[in-house]
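So the structure is just underneath, and the comments pick up after that.
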Amino acid sequence: MPEDGYEWKKYGQKYIKNIQKIRSYFRCRHKLCGAKKKVEWHPSDPSSDLRIVYDGAHQHGSPPAAASPAGPGAAAGSNRYELGAQYFGGGARPQ
DNA sequence: AGCCTTTGACCAGCG
DNA sequence: TCGCTGGTCAAAGGC
């Protein structure tokens with residue numbers, strides 16, 4: 001699973017037949033954080049169709065970007081999760 | 001000892 | 001009202 005810089009705790013995993021993909025449910029380890037993360041991927045091509053759906057907003061500061069794509073400070077969004085439900089698509093990334 | 005991860009079952013909403 | 005799907009919680013094992 002891809003590291004986005006935040007800490008998550010997996011609390012479930014189900015196969016969504018509607019889209020024929022695996023969906024993993026993650027939750028922020030912080031109690032003051034109602035942020036959630038859902039990761040979907042193909043059962044046969046996990047690296048070809050990765051999908052990440054962020055739900056909620058983090059109620060704490062930004063953690064040390066562990067896997068920043070361009071270094072610290074350039075994480076895929078600091079705390080803009082307040083937008084509600086961010087939708088990230090590995091093969092369908094807007095902008 | 002504490003934390004994390006994984007699987008099954010249960011609950012709620014919709015057709 | 002029933003069946004199905006999506007989503008969440010709990011318990012056990014390993015490091």
Side-chain angles (χ1 to χ4, degrees):
Chain A
M1 53 175 64
E3 171 62 78
D4 63 349
Y6 279 98
E7 297 175 78
W8 307 91
K9 170 182 46 165
K10 180 183 284 186
Y11 67 93
Q13 182 177 87
K14 285 281 284 283
Y15 177 71
I16 312 300
K17 34 196 85 173
N18 250 20
I19 56 184
Q20 280 197 314
K21 290 207 308 195
I22 308 293
R23 198 176 241 175
S24 286
Y25 300 91
F26 292 89
R27 238 166 153 173
C28 196
R29 308 213 302 57
H30 300 245
K31 66 170 185 179
L32 307 166
C33 197
K36 286 186 301 193
K37 178 194 194 181
K38 300 164 190 170
V39 184
E40 315 173 17
W41 64 74
H42 272 253
S44 303
D45 274 299
S47 319
S48 293
D49 211 344
L50 209 225
R51 219 156 197 80
I52 305 177
V53 180
Y54 287 92
D55 268 306
H58 291 280
Q59 305 304 299
H60 57 97
S62 353
S68 301
S78 307
N79 63 312
R80 64 189 191 187
Y81 301 107
E82 56 182 279
L83 299 176
Q86 285 280 2
Y87 201 84
F88 290 82
R93 184 186 301 169
Q95 295 177 32

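Everything numeric in this text was worked out from a predicted model, so none of it was measured. Convention: sequence-line order gives letters A, B, ...; per-chain numbering from 1.
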Does a side-chain heavy-atom distance below 4.5 Å link A:Q20 with A:Y15? yes

Using whole Å, report how far CG of A:N18 lies from C1' of B:dG15. 13 Å

Return the minimal non-hydrogen interatomic distance between A:Y54 and A:K37, and the atom names on each side. OH-CE, 3.5 Å

Whether A:Y11 contacts C:dT8 is assessed here as follows: a side-chain N or O lying under 4.0 Å from the phosphate OP1 or OP2. Is that the case? yes

Using side-chain heavy atoms (C-beta onward) and a distance below 4.5 Å, is A:R23 in contact with A:R51? no

If I take atom NZ in residue A:K21 and atom P in nucleotide C:dG7, what distance separates them, rounded to the nearest angstrom? 13 Å

Roughly how many Å is it from CZ in A:F26 to P in B:dC4, rounded to a whole number? 12 Å

In whole angstroms, how far is the C1' atom of B:dT5 from the NZ atom of A:K9? 11 Å

Report yes if a side-chain nitrogen or oxygen of A:Y25 is closer than 4.0 Å to either non-bridging phosphate oxygen (OP1 or OP2) of C:dG7; otherwise report no. yes

Side chain of A:K10 - closest among B:dT6, C:dG6, C:dT8: B:dT6

State whether A:R27 places a side-chain N or O below 4.0 Å from either non-bridging phosphate oxygen (OP1 or OP2) of C:dC9. yes

Kindly work out whether a path of hydrophobic side-chain contacts (I/L/V/M/F/W/Y, heavy atoms less than 4.5 Å apart) joins A:Y25 to A:W8. no

Nearest-Å distance for atom pair CD1/C1', residues A:I22 and C:dG7: 15 Å

In whole angstroms, the gap separating P of C:dG7 from NZ of A:K17 amounts to 13 Å

Closest approach to the side chain of A:K14, judged atom by atom: which nucleotide of C:dT5, B:dT7, C:dT8 is it? C:dT8

Can you tell me how the ring of A:H58 sits relative to the ring of A:Y6, calling it parallel under 30°, perpendicular over 60° and tilted otherwise? parallel

A:Q13 side chain near B:dT7 phosphate (N/O to OP1/OP2, under 4.0 Å): yes

Whole-Å distance between C:dT5 C1' and A:E40 CD? 14 Å

Heavy-atom nearest nucleotide on DNA chain C taken for A:G12 and for A:I16; more 5' hit belongs to A:I16

Check the phosphate of C:dG7 against A:R23, side-chain N and O only, distance under 4.0 Å to OP1 or OP2. Yes or no? yes

OP1, OP2 of B:dC4 versus side-chain N and O of A:R29: anything below 4.0 Å? yes

C:dG6, C:dT8, B:dT5: which one has an atom nearest the side-chain heavy atoms of A:K36? C:dT8

